Amino acid sequence: MILAWMSGLADRHLVSADDMARAERLLSDARARQDGAAILALAQDIAEAADADTLARDLAQPPAGEVETETVMIAMLAAAMEVMAVANRNLDDRDAAMKARAELAAKADALYGALSAFFGADVLIWFMGVVGTGLRLLSNRVTALPPLVRVETPFPVSATVLAWRLYGNPARGRELVQRNRVATPAIMPTQLVARAV
């Protein structure tokens, strides 16, 4: 079950011939020798090669295993791949990075007990290392990304005018429209949220 699921993820997310050949070798090792290290290496390859948002959608509902240990292992691999892929995720403001960090920490926290019970200290330590590295990366991004600020105008103006006033760049009007979920860029609300820079 786990190998079939990992094989499907590799098919969907690995694009280069070299990556696909390495995936086949790792899957073959995992089948022939019950090699857990090969599965973990494949999980890392998939996470590094995949588009983070597409991978997150694929991992949102991992399949249930035939036995409970399989289900826990699949959940651990899904969470680990999501954490590893977070470096590729397009996070453009501090709030988005903080939200992603909190979600990943909560997913990991939910797995620690089961991983320890089913697989012991080695797997738990590996997973905690992966999660710790991912959360550190996100924490570094949190400090580097601009915060969101509340903007108030005395009267409604268009998105391009507002973007010009805020950033000196009218092309960023689209960003303001998307962030605030406004129906039309012609008339922006008098209270909205924008990136600080």
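In this text, all values refer to a predicted model and were calculated from it rather than measured experimentally.
Two residues are said to be in side-chain contact when any heavy atoms from C-beta on lie closer than 4.5 Å; E175 and Y167 meet this criterion. Between D51 and H13 there is no side-chain heavy-atom pair separated by less than 4.5 Å. I46 is not listed as a side-chain neighbour of D19, based on a closest heavy-atom distance of 4.5 Å or more. Using a 4.5 Å heavy-atom threshold, the side chains of L27 and R31 count as touching. Counting only heavy atoms from C-beta outward, the side chains of V157 and R165 approach each other to under 4.5 Å.
Checking side-chain atoms of S139 against main-chain N and O of L135 turns up a donor-acceptor pair under 3.5 Å. In terms of modelled atom types and a separation under 3.5 Å, the side chain of S28 and the main chain of E24 share no donor-acceptor contact. In this structure a side-chain-to-backbone donor-acceptor pair under 3.5 Å is missing from N180 to V182. Using a distance-only test at 3.5 Å, with no hydrogens or angles considered, a donor-acceptor pair links the side chain of R195 to the main chain of D92.
Of all heavy-atom pairs spanning L14 and A49, the tightest one is CD2-CB, 3.6 Å. The shortest non-hydrogen separation linking L111 to F127 is CD1-CZ, 3.9 Å. When every heavy atom of L176 is checked against every heavy atom of A194, the shortest pair comes out as CD2-CB, 3.6 Å. The shortest heavy-atom contact between N169 and A163 is O-CB, 3.3 Å. Summarising the geometry of A30 relative to L3, their closest heavy-atom pair is CB-CD2, 3.6 Å, with the distance given to 0.1 Å. Pairing each heavy atom of R101 with each of V142, the nearest pair is NH1-CG2, 4.0 Å.
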**OP:** Run the numbers on L9 and M81 for side chain to side chain contact (heavy atoms under 4.5 Å, CB included), then give the verdict.
**Re:** CA-CA 11 Å; L9 288 173; M81 283 187 278; 3.5 Å; yes
**OP:** Step by step, work out the side chain to side chain contact (heavy atoms under 4.5 Å, CB included) result for L145 and D93.
**Re:** CA-CA 5 Å; L145 289 169; D93 63 71; 5.6 Å; no
**OP:** Could you go through the side chain to side chain contact (heavy atoms under 4.5 Å, CB included) check for L42 and R22 one step at a time?
**Re:** CA-CA 8 Å; L42 180 57; R22 177 175 155 81; over 6 Å; no
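Considering CG of L138 and NZ of K99, their distance stands at 13.0 Å, rounded to 0.5 Å. Between R94 atom CZ and T143 atom OG1 the span is 7.5 Å, to the nearest 0.5 Å. To the nearest 0.5 Å, atoms OG1 (T160) and CZ (R172) are separated by 14.0 Å. Note that the CH2 atom of W5 and the CG atom of D58 stand 9.5 Å from one another [nearest 0.5 Å].
Under the 4.5 Å side-chain contact rule for hydrophobic residues, M76 and F119 share a cluster. When the side chains of ILVMFWY residues are joined at heavy-atom separations under 4.5 Å, either directly or via intervening members, V177 and V149 end up in a single hydrophobic cluster. The cluster map of Ile, Leu, Val, Met, Phe, Trp and Tyr, joined by side-chain heavy atoms under 4.5 Å apart, puts M98 and V131 in different clusters. Both Y112 and V130 are part of a single hydrophobic cluster, where members link through side-chain heavy atoms under 4.5 Å apart. L91 and L148 are members of different hydrophobic clusters when ILVMFWY side chains are connected at heavy-atom separations under 4.5 Å.
Counted within 6.0 Å of CH2 on W164, heavy atoms from surrounding residues, nucleotides or ligands total 12 or fewer; the atom is thus considered open. At most 12 heavy atoms of other shown residues, nucleotides or ligands fall within 6.0 angstrom of atom CG in D122. More than 12 heavy atoms of other residues, nucleotides or ligands sit less than 6.0 Å from atom CZ of R12.
With respect to D95 and R179, no salt bridge is recorded, no charged nitrogen being found less than 4.0 Å from a carboxylate O.
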